[in-house]
Each structure stands twice: as structure tokens, then as C-alpha cells.
Chemist: 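This structure is in C-alpha cells; I'll ask about it shortly.
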2 protein chains.
Amino acid sequence: MDSSEKKYGAYRLFFGALATDSRLHLLNALRKGRKNVSELCQLTHCEQSLVSHNLKILEHHGMVFVEKKGKFRYYKLNEKTITPLLQLIDTHMKQYCCKILEGERTTEKMQHEHHH
Amino acid sequence: MDSSEKKYGAYRLFFGALATDSRLHLLNALRKGRKNVSELCQLTHCEQSLVSHNLKILEHHGMVFVEKKGKFRYYKLNEKTITPLLQLIDTHMKQYCCKILEGERTTEKMQHEHHH
DNA sequence: TATATATATGAATGCTTTTTCATATGAAAA
DNA sequence: TTTTCATATGAAAAAGCATTCATATATATA
């Protein structure tokens with residue numbers, strides 16, 4: 001296997017970090033300002049260990065920064081990259097959201113399927 | 001489960017479509033202008049069925065457009081979204097690429113591990 | 001120091017997605 | 001109209017990832 005194996009690695013990992021509802025939910029919550037872990041748990045309705053795992057990933061990719069303050073940890077967006085990125089996609093979605101979601105498999109549909 | 005299940009669905013799918021080497025390779029090849037499937041196979045060193053599967057996904061997300069011409073199909077970037085998106089990440093990567101790749105598991109490392 | 005609160009981590013589980021293989025479709029050329 | 005070339009598709013195998021659970025660490029407070 002040639003060197004192109006690693007060529008897109010960082011890009012793939014970066015976009016992969018944006019490819020779950022739970023992490024997108026976190027980033028969106030942080031759009032309105034910095035928050036600590038407990039606050040983020042409440043806002044996203046996710047349990048604490050998941051939030052911590054996810055924040056670690058987001059931080060590792062330079063998507064958020066952390067500030068320690070006592071026993072709390074405040075996370076905030078990397079506004080230079082993430083704000084314009086999300087804005088770009090917001091615009092894209094105005095046109096393509098429906099097409100992207102069409103044919104999407106939901107829990108509801110799967111349960112419905114079961115009852116046949 | 002509440003309605004937030006679907007809330008970020010389109011965004012998750014969009015970023016997921018950017019989270020493989022093979023599809024990033026395709027987009028990068030298209031940065032230099034439109035190409036047909038066979039050309040993209042050569043440029044990316046991927047087999048044809050994979051390229052077709054991937055192009056379908058990219059098209060479904062509004063990332064590329066297709067033009068039929070005889071028995072060929074020419075694909076081109078959605079420059080409105082994808083060009084600035086990739087540029088934004090190019091810039092981000094200048095700073096974070098190394099951190100993102102650090103600790104990354106490569107085929108080489110895994111094979112080395114095996115020999116112990 | 002003992003206890004409570006906030007956050008992080010590791011391992012296991014299950015789920016989703018990529019990739020491959022075999023085959024189908026569709027358009028042109030012989 | 002048979003053959004060839006270009007591309008698409010479906011299903012199965014392989015790979016990768018999110019989430020959970022149990023537990024650890026770290027900081028503050030009684």
C-alpha cells in the first residue's frame with residue numbers, strides 16, 4: 001500500500017469527529033458561549049461519560065478549547081474554524097437538507113417494520 | 001426518545017460523507033476540474049465499483065454534480081460549498097494536523113505489533 | 001482526613017459504514 | 001444485433017465507531 005494511505009488521514013479524522021449527533025449537539029450548545037461539562041450534559045441530555053469522551057475528541061481536533069477553573073472545566077468553541085464551518089453548512093443545508101434526509105432510516109421506521 | 005434524534009441528522013450524514021480517505025481523495029481530484037468515473041479510478045487508485053458507490057454518496061449530499069455525455073459521466077465539485085469548506089480545513093490543518101494524527105493507528109504499526 | 005462533587009478513562013458491547021465481489025444496465029461501435 | 005466499453009447496483013464481508021458501564025482521578029468542603 002502506497003503513501004496515500006495516510007495522505008487524507010487527518011482530514012478523515014477531522015470530519016469523522018463531526019459525524020455524530022451527540023458531538024454536533026455539543027458544538028451547537030457551545031455556539032452560545034462557553035459551558036462546563038455538567039451544563040453540557042443538561043443541555044444535550046447526554047450522560048456525563050459520553051460528554052467527556054466527546055469533548056476529548058473535539059479538543060483533540062482543535063474544535064474546542066478548555067479552561068480549568070477550580071473543579072470545573074469550561075469548554076469553548078474554536079471560533080476561527082468552527083463558526084464559519086457551521087455557517088457554511090447551514091447555508092448548504094437550506095438547499096440540500098431534505099434530499100440528504102430522504103430515505104434516512106429512523107428508529108420509528110425500523111420498529112414499524114418489526115410489526116409486520 | 002425525543003425529537004432531537006433527527007435534529008442533527010442531516011449534518012451528521014453530511015460530515016460522515018467526508019469521513020473516508022477514498023471520498024476525500026475523489027473530492028481532491030475534482031478540485032482540478034471535472035472528471036469521468038474511469039479518470040477518477042486512475043487518479044485515486046480505487047476500483048470502479050467503489051468509486052461509483054462513493055460518487056453516488058457525494059452527489060446525494062450535494063457535494064458534486066454530474067453531467068451525462070454519451071456513455072461517460074462527468075462529475076464536478078459543488079464549488080459554492082466544497083471549495084471554501086476544504087480551504088477552511090486546509091488552514092485549520094496547518095495548525096492541528098500533527099496533533100490530530102498523533103496516536104493514530106497505522107497499518108505499519110499494527111504489523112510491527114504482530115511480530116512480538 | 002473524610003466526604004461530596006466534577007470530570008476523565010478503559011474496556012466491552014453493539015451498531016453503522018466501508019469495501020469487495022459478482023452482476024446488471026446502458027450506450028456506442030463493429 | 002452482437003460485442004465492447006463505461007458505469008451502477010445489491011448483498012455479504014470486513015472494518016471502524018459510538019455508547020455504556022464501572023471505576024478512577026482531582027478538586028473542594030465539612
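Predicted model, so just to flag it, every value in this text is computed and none were measured. Just so it is clear: chains get the letters A, B, ... in the order the sequence lines come, proteins before strands, and each one is counted from 1.
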Chemist: Taking atom types as modelled and ignoring hydrogens, do the side chains of A:Arg23 and A:Asn54 form a donor-acceptor contact shorter than 3.5 angstrom?
Modeler: yes
Chemist: Using the side chain to side chain donor-acceptor pair (under 3.5 Å) rule, take A:Ser52 and A:Gln48 through it: C-alpha gap first, then chi angles, then the decisive distance, then the call.
Modeler: CA-CA 6 Å; A:Ser52 283; A:Gln48 181 267 319; 3.1 Å; yes
Chemist: Is a donor-acceptor pair below 3.5 Å formed from side chain A:Gln48 to base C:dA6, judging by atom type as modelled?
Modeler: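 Side chain to base: no pair present.
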Chemist: Could you check whether B:Ser49 gets within reach of a base, just the sugar-phosphate, or nothing at all, counting any heavy atom under 4.0 Å?
Modeler: base
Chemist: Before you tell me yes or no, could you show the steps for B:Tyr74 and B:Val37 under side-chain contact (heavy atoms from CB on, under 4.5 Å), namely the whole-Å CA-CA distance, both residues' side-chain angles and the distance that decides it to 0.1 Å?
Modeler: CA-CA 7 Å; B:Tyr74 286 90; B:Val37 177; over 6 Å; no
Chemist: Using a cut-off of 4.0 Å on non-hydrogen atoms, how would the nucleic acid contact of B:Thr20 be classed: base, sugar-phosphate, or nothing?
Modeler: sugar-phosphate
Chemist: Measure from NE2 on A:His45 to P on D:dT19 and round the result to the nearest Å.
Modeler: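 Distance check: A:His45 NE2 to D:dT19 P gives 16 Å.
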Chemist: Take atom CG of B:Leu26 and atom P of D:dA8, then tell me their distance rounded to the nearest Å.
Modeler: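 Value for this atom pair: 12 Å.
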Chemist: Begin from the C-alpha positions of A:Arg73 and A:Glu67 and carry the test salt bridge (Lys or Arg N to Asp or Glu O under 4.0 Å) through to its verdict.
Modeler: CA-CA 6 Å; A:Arg73 285 178 169 232; A:Glu67 289 167 20; over 6 Å; no
Chemist: Expressed as a whole number of angstroms, how long is the span from B:Gln42:CD to D:dT7:C1'?
Modeler: 15 Å
Chemist: Specify the separation, in whole Å, of atom CD of B:Glu59 and atom C1' of D:dA8.
Modeler: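 Going from B:Glu59 (CD) to D:dA8 (C1'), I get 12 Å.
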Chemist: Is the distance from the ring center of B:Phe14 to that of A:His92 below 6.0 Å?
Modeler: yes
Chemist: Can you tell me if A:His53 is stacked onto the base of C:dT9, using a 5.5 Å centroid cut-off and an angle below 30°?
Modeler: yes
Chemist: Does C:dT9 have OP1 or OP2 under 4.0 Å away from a side-chain N or O of A:Ser52?
Modeler: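 No, outside the criterion.
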Chemist: Hey, are the side chains of A:Lys80 and B:Thr91 touching, using non-hydrogen atoms and a 4.5 Å cut-off?
Modeler: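 A side-chain contact under 4.5 Å exists here.
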Chemist: How many Å lie between CG on A:Leu50 and C1' on C:dT9, as a whole number?
Modeler: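 Result: 13 Å.
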Chemist: NZ of A:Lys56 versus P of D:dA18: gap in Å, rounded?
Modeler: 14 Å
Chemist: Any strand is fair game: report the nucleotide pairing with D:dT29 by Watson-Crick or G-U wobble, both distances under 3.5 Å, or none.
Modeler: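 Its partner is C:dA2 (Watson-Crick or G-U wobble, both distances under 3.5 Å).
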Chemist: Within residues 63-77 of chain A, find the residues that approach DNA chain C with a heavy atom at under 4.0 Å, and present them sorted by residue number.
Modeler: A:Lys71, A:Phe72, A:Arg73, A:Tyr75
Chemist: Send over the distance from A:Arg12 CZ to C:dT17 P, rounded to a whole Å.
Modeler: 16 Å
Chemist: Closest-nucleotide mapping onto DNA chain D: is B:Ala19 or B:Glu39 further toward the 5' terminus? I mean the 5' end.
Modeler: B:Glu39
Chemist: Reckon B:Ser38 touches a base, only the sugar-phosphate, or nothing at all at heavy-atom distances under 4.0 Å?
Modeler: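 It contacts sugar-phosphate atoms only.
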Chemist: Let me know the distance between CG of B:Leu18 and C1' of C:dT17, rounded to the nearest Å.
Modeler: 15 Å
Chemist: Which of these passes side-chain hydrogen bond (donor to acceptor under 3.5 Å, both in side chains) with B:Tyr8: A:Asn28, A:Thr20, A:Asp21?
Modeler: A:Asn28
